[in-house]
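Naming convention: chains lettered A, B, ... in sequence-line order (proteins, then strands); numbering from 1 in each chain. Worth saying up front: this structure is predicted, and the values here are computed from it rather than measured.
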Number of protein chains: 2
Amino acid sequence: MLVHLKNYLQAKLPLSEAQFDALAPLLLPRHLARQQVLVQQGEVGRYGAFVTQGCLRSYVVDKKGKEHVLQFAPENWWIADQYGLIHHEPALFSIDTLEESQVLLFGPDFYQQLPQLGPPLQTFFYELQQNSMQAMQKRLIATLSATAEERYLDFIRTYPSLAQRLPLRLIAAYLGITPESLSRIRKELAGHR
Amino acid sequence: MLVHLKNYLQAKLPLSEAQFDALAPLLLPRHLARQQVLVQQGEVGRYGAFVTQGCLRSYVVDKKGKEHVLQFAPENWWIADQYGLIHHEPALFSIDTLEESQVLLFGPDFYQQLPQLGPPLQTFFYELQQNSMQAMQKRLIATLSATAEERYLDFIRTYPSLAQRLPLRLIAAYLGITPESLSRIRKELAGHR
DNA sequence: CCATTTTCTTATCCTACATCAAGGCGCGGG
DNA sequence: CCCGCGCCTTGATGTAGGATAAGAAAATGG
């Protein structure tokens with residue numbers, strides 16, 4: 001599965017064999033069944049993941065027991081509680097698999113080793129972080145200012161492959177509405193064609 | 001006003017005179033009147049700011065003309081559209097002053113020069129960014145899962161000094177509700193004492 | 001220091017979405 | 001084959017917060 005990561009990286013930046021070989025030992029290939037919990041909200045997590053196959057998500061469970069999905073991570077996405085991992089603090093959210101998946105796990109050492117991996121990789125991960133920050137900002141803005149229907153259309157744009165692949169209750173948990181409401185929104189949208 | 005920043009930094013990390021002197025030229029002290037726009041949503045911004053006096057905010061205006069506040073920045077806070085600044089891209093949000101303020105402005109060069117400022121400062125700004133990432137995550141989670149009243153209590157905890165200092169419509173724009181609703185919530189809370 | 005604008009409150013009515021409840025459909029296991 | 005069970009839909013009703021309006025209080029600026 002490491003070869004998958006190599007292809008992914010080489011498509012995005014110039015990367016020598018030596019540089020990739022320095023990165024590889026930090027990553028642990030792993031096969032995960034469906035519904036496996038990788039990080040548990042409130043506990044100190046040990047891993048983040050790069051997804052080569054399948055799909056993961058990060059989510060919180062609120063006091064009323066309701067789930068809220070923060071992020072989906074299908075193929076070629078990174079997912080982690082970066083802050084908790086680096087600072088060895090309890091995670092704000094959980095991470096689990098939605099399907100049988102292939103992942104490359106990394107621990108806190110990954111972030112410590114980053115500076116030694118050379119400028120191209122270091123810059124790449126730095127930008128990755130900035131992108132994720134910006135994505136989060138956009139999401140907050142959308143949550144504050146858009147209707148459920150607009151956010152659903154946004155979701156389809158962000159994760160085109162997932163709209164059909166995931167059960168509707170997960171999409172609803174991402175949008176911050178109930179499955180019933182999403183069902184009605186879909187009906188509404190279907191009618192308008 | 002640079003001395004203000006120096007005190008702030010020295011309280012947080014070991015910092016030599018030479019290191020501070022390398023940082024100082026990147027910062028432009030500036031006095032701003034109330035309601036001055038520093039960054040305009042949709043335009044390429046030129047500055048971020050460290051606030052030594054007064055208060056700024058970042059916010060978006062949605063298509064219905066409603067304002068949504070992303071962040072407040074009173075004394076000793078940093079505020080910037082980091083992504084847009086670094087990538088010379090149009091800002092996702094605006095930044096303006098809520099009061100007459102003293103700030104230290106910085107441009108895109110600030111981020112370019114960071115690696116040359118030495119480990120303590122570089123690490124500090126790296127962690128600053130992680131904190132802001134985590135704050136954003138917490139905020140997204142709260143927006144998705146908490147009621148307006150809970151978020152108001154959260155706000156008071158996050159910005160104790162601002163609850164009395166800012167007009168209620170700004171707090172409402174931060175919480176994602178109308179001033180009328182916030183007024184009701186306050187009444188409700190006052191009654192329960 | 002007055003005129004004007006902004007700010008805050010309160011009341012009434014309205015709407016997007018939640019909650020509760022029931023029924024249909026596809027699907028894997030005995 | 002049919003039972004049970006997620007999953008999705010649909011309907012009826014409830015509710016948090018929005019929209020609108022109006023008036024009092026406070027801040028701002030000429």
### Heavy-atom pair of closest approach, residues A163(B) and I156(B)
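So the two residues come closest at CB-CG1, 4.2 Å.
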### Message
By the 4.0 Å heavy-atom rule, please label T178(A) as base, sugar-phosphate, or nothing.
### Response
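T178(A): base contact, heavy atoms under 4.0 Å.
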### Message
Are L85(A) and Y83(A) linked, directly or through intermediate hydrophobic residues, by side-chain heavy-atom contacts shorter than 4.5 Å (ILVMFWY only)?
### Response
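No; tracing contacts between hydrophobic side chains, which count when under 4.5 Å, never links both residues.
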### Query
Is any side-chain heavy atom of N76(A) less than 4.5 Å from a side-chain heavy atom of V51(A)?
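A side-chain contact is absent here, since even the closest heavy-atom pair is not under 4.5 Å.
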#### Entry: Value rounded to 0.5 Å, distance of CD in Q134(A) from NE2 in H87(B)
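Going from the CD atom of Q134(A) to the NE2 atom of H87(B) covers 8.5 Å.
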### Query
Rounded to the nearest 0.5 Å, how far apart are CG of D81(B) and CG of L92(B)?
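Interatomic distance, D81(B) CG to L92(B) CG, rounded to 0.5 Å: 6.0 Å.
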### Query
Aromatic ring centroids of F125(B) and F110(B) under 6.0 Å?
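Centroid separation for F125(B) and F110(B): below 6.0 Å.
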### Message
Please report whether the ring centroid of Y174(A) lies less than 6.0 Å from that of F72(A).
### Response
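Close enough - the centres of the two rings lie under 6.0 Å apart.
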#### Entry: Of R34(B) and R184(B), the one whose closest DNA chain C nucleotide lies more 5'
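It is R34(B) whose nearest nucleotide is closer to the 5' end.
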#### Entry: Closest-nucleotide 5' rank along DNA chain C - winner of A146(A) and E180(A)
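Result: A146(A).
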### Message
With the threshold set at under 4.0 Å for non-hydrogen atoms, list the residues of residues 57-75 of chain A touching DNA chain D in residue-number order.
### Response
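None - not one residue of the stretch has a heavy atom sitting under 4.0 Å from the strand.
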### Message
With side-chain hydrogen bond (donor to acceptor under 3.5 Å, both in side chains) as the criterion, how do Q82(B) and Q129(B) come out once you've worked through the C-alpha distance, each side chain's angles and the decisive distance to 0.1 Å?
### Response
CA-CA 10 Å; Q82(B) 202 186 324; Q129(B) 187 176 329; 3.2 Å; yes
### Query
Excluding sequence neighbours, so at least two apart, what forms side-chain contact (heavy atoms from CB on, under 4.5 Å) with R151(B)?
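R151(B): side-chain contact (heavy atoms from CB on, under 4.5 Å) contacts with A142(B), A146(B), A148(B), L175(B).
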#### Entry: Ring geometry between F50(B) and W78(B) (parallel below 30°, tilted from 30 to 60°, perpendicular above 60°)
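Plane angle between 30° and 60°, so tilted.
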### Message
Would you call the rings of Y159(A) and F155(A) parallel, tilted or perpendicular, taking 30° and 60° as the class edges?
### Response
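Ring orientation, 0 to 90° scale: tilted.
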### Task
Using heavy atoms and a sub-4.0 Å distance, could you list which residues of residues 150-174 of chain B are near DNA chain C? By number, please.
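Going residue by residue through residues 150-174 of chain B, the ones with a heavy atom under 4.0 Å of DNA chain C turn out to be P167(B), L168(B), R169(B).
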### First-last contacting nucleotides on DNA chain D - partner chain B, under 4.0 angstrom, heavy atom
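Range of nucleotides within reach of chain B: dG17(D) to dA21(D).
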### Sequence neighbours excluded, every pair satisfying ring-ring contact (aromatic ring centres under 6.0 Å, His included) that has a member inside residues 18-40 of chain A
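Non-adjacent pairs meeting ring-ring contact (aromatic ring centres under 6.0 Å, His included): zero.
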### Task
Go through DNA chain C in 5' to 3' direction and return only the first and the last nucleotide with some atom under 4.0 Å of chain B's heavy atoms.
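So the contact region on DNA chain C extends dT7(C) to dT12(C).
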### Query
Within a radius of less than 6.0 Å around CZ of R165(A), do more than 12 heavy atoms belonging to other residues, nucleotides or ligands occur?
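Counting other residues, nucleotides and ligands, CZ of R165(A) exceeds 12 neighbours.
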